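What follows is a single structure, written as structure tokens, with notes after it.
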Protein chains: 2
Amino acid sequence: MADVDAAGIFAVPERQGRGPRPAYSRAQITEAAVRIADADGLEAASMRRIAAELGTGAMSLYRYVPSRDDLIELMYDHVVGTLEVPARPTGDWRADLRLVARNTRSMWLAHPWVADLHRARPAFGPNQLRITEFGLGALDVGIPVDDILTLVNMLNGYVVTTVRAEIEWERERRRTGMTMRDWMRQSSPYVQRLLDSGEHPMLTRVVKDAALPHMSPDDQFDYGLERVLDCIASCM
Amino acid sequence: MADVDAAGIFAVPERQGRGPRPAYSRAQITEAAVRIADADGLEAASMRRIAAELGTGAMSLYRYVPSRDDLIELMYDHVVGTLEVPARPTGDWRADLRLVARNTRSMWLAHPWVADLHRARPAFGPNQLRITEFGLGALDVGIPVDDILTLVNMLNGYVVTTVRAEIEWERERRRTGMTMRDWMRQSSPYVQRLLDSGEHPMLTRVVKDAALPHMSPDDQFDYGLERVLDCIASCM
DNA sequence: CTCCATTGGGTACGGCGTACGCGGTGAGCT
DNA sequence: AGCTCACCGCGTACGCCGTACCCAATGGAG
């Protein structure tokens, strides 16, 4: 991405005509990297490790990709490509948004390393464009385009923060063996001290009264999702 | 954080009684790290660089902090500590939430490296607890605690994703010298080709018709924030 | 006064991303 | 048909990183 083009790696052609046939391809490299990141996390997908997976040397990858950051961008667009949505919005905006939200969550859970990406700018990868088109188009029901942007942003915010939290809980569980429910039941002396101090009434209420944390993750997500969709409906 | 305690670094006492007087403190180290991260980004705040800032060696820091990740946790709680909110919710939930949302944004913009943190689990730093208490307490107006959690999550999602995007745009500007408005006006051939293809009607509409991207960042944020607060109001 | 836990800090290891340069390959032009 | 040279794979090397381990010096507890 030495290019000035804000579209980044996606505006850089894969290669020119001359010279020997390339032994690999961006797609091959990207898939290998995704495989490693799925299994061992994003930081395990180092240039050396990816190259080893392909049976070559680290520096060979730079014939295909300008930098590791650009490769990560390609990885992200690749997994976004696994999101299945209709070619066009169906006309039922609520069903459409629910679909894209649920599928996005599934995709994140299948590739938890996406939670570690910095990306927050508009996405210009071909697959990202497709999903964005679908999401915005679903809400194209006669309201101003600025409202579409705001509402989609709000929904996206819900999905992203919720799924990030879910993924962090899962990582915690793998590290310490404790589920959320485990230490919600005052397993930690530090947390217990917080509750006993009386300084944190809302935390106490959450630990004692909230039903949401005791539902299955799927149900938690869906419950919140429907509330957000309700909000969108009442904002239109 | 070798400890099993899920509260992490905050449950690890700073030190025991014996031995020579410590030359530094967690607070000193944390502040130095924040100073560096503010100036040059999170990855510039390496153990060596922080130690150099304090005039010591990298390994000395490990007398105060178990790992760099824990130090980052302390850095986060430290900047959260700069968030000013009333001791208790005022009774005007809308004003309270607006305050905490705006102040959170200001804090993120002052310390853009917070956008790079992985943290998404509940926060047990003392300052994080204080803000969480305030936010949840603001919505404690007779609705079920599960609804409080969901609505706060939605609001938080809006703030986080919006400010993250803002920070990424600013980074892009520093790298390439282009503002968002610059290449919204078809500066990029790649984007121009996308628009010309006719495959992306919503993208085209956003680039051509949307007013939001042409407002000041402050106004963009406030506009969306009021919409989200409207949504919350209509959900109660 | 003695003991020893705790201090600051140096050295070293195994990783990382990637700049650079080499010899070999083969498509395109003459 | 032969030449040219852009492009190939890839090895070496540099300067970072986090941190394990070790040491001599320190100073409160007994």
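None of these values were measured; they are calculated from a predicted model.
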Inset, instruction - Please state how far atom CZ in Arg63(A) lies from atom C1' in dG24(C), giving the value in whole angstrom units. - result: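 Atom CZ in Arg63(A) sits about 12 Å away from atom C1' in dG24(C).
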Legend entry - CA sep, side-chain torsions, deciding dist, call: Met202(A), Thr132(B), side-chain contact (heavy atoms from CB on, under 4.5 Å): CA-CA 8 Å; Met202(A) 295 307 295; Thr132(B) 305; over 6 Å; no
Flag side-chain contact, heavy atom, 4.5 Å: [X] against [Y]:
X         : Y         : result
Ile50(B)  : Leu71(B)  : yes
Asn156(B) : Thr104(B) : no
Met75(B)  : Leu42(B)  : yes

Legend entry - N/O (side chain, Ser60(B)) to phosphate O (OP1/OP2, dG8(C)) under 4.0 Å: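 So the side chain of Ser60(B) is outside the cut-off, no N or O lying under 4.0 Å from OP1 or OP2 of dG8(C).
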Inset, instruction - List the protein contact pattern of nucleotides 12-18 of chain C with one symbol per nucleotide (5' to 3'): B for base contact, S for sugar-phosphate-only contact, - for none; contact means a heavy-atom distance under 4.0 Å. - result: B---BBB
Legend entry - Full working for side chain to side chain donor-acceptor pair (under 3.5 Å) between Ser67(A) and Asp70(A): CA-CA 5 Å; Ser67(A) 73; Asp70(A) 289 309; 3.1 Å; yes
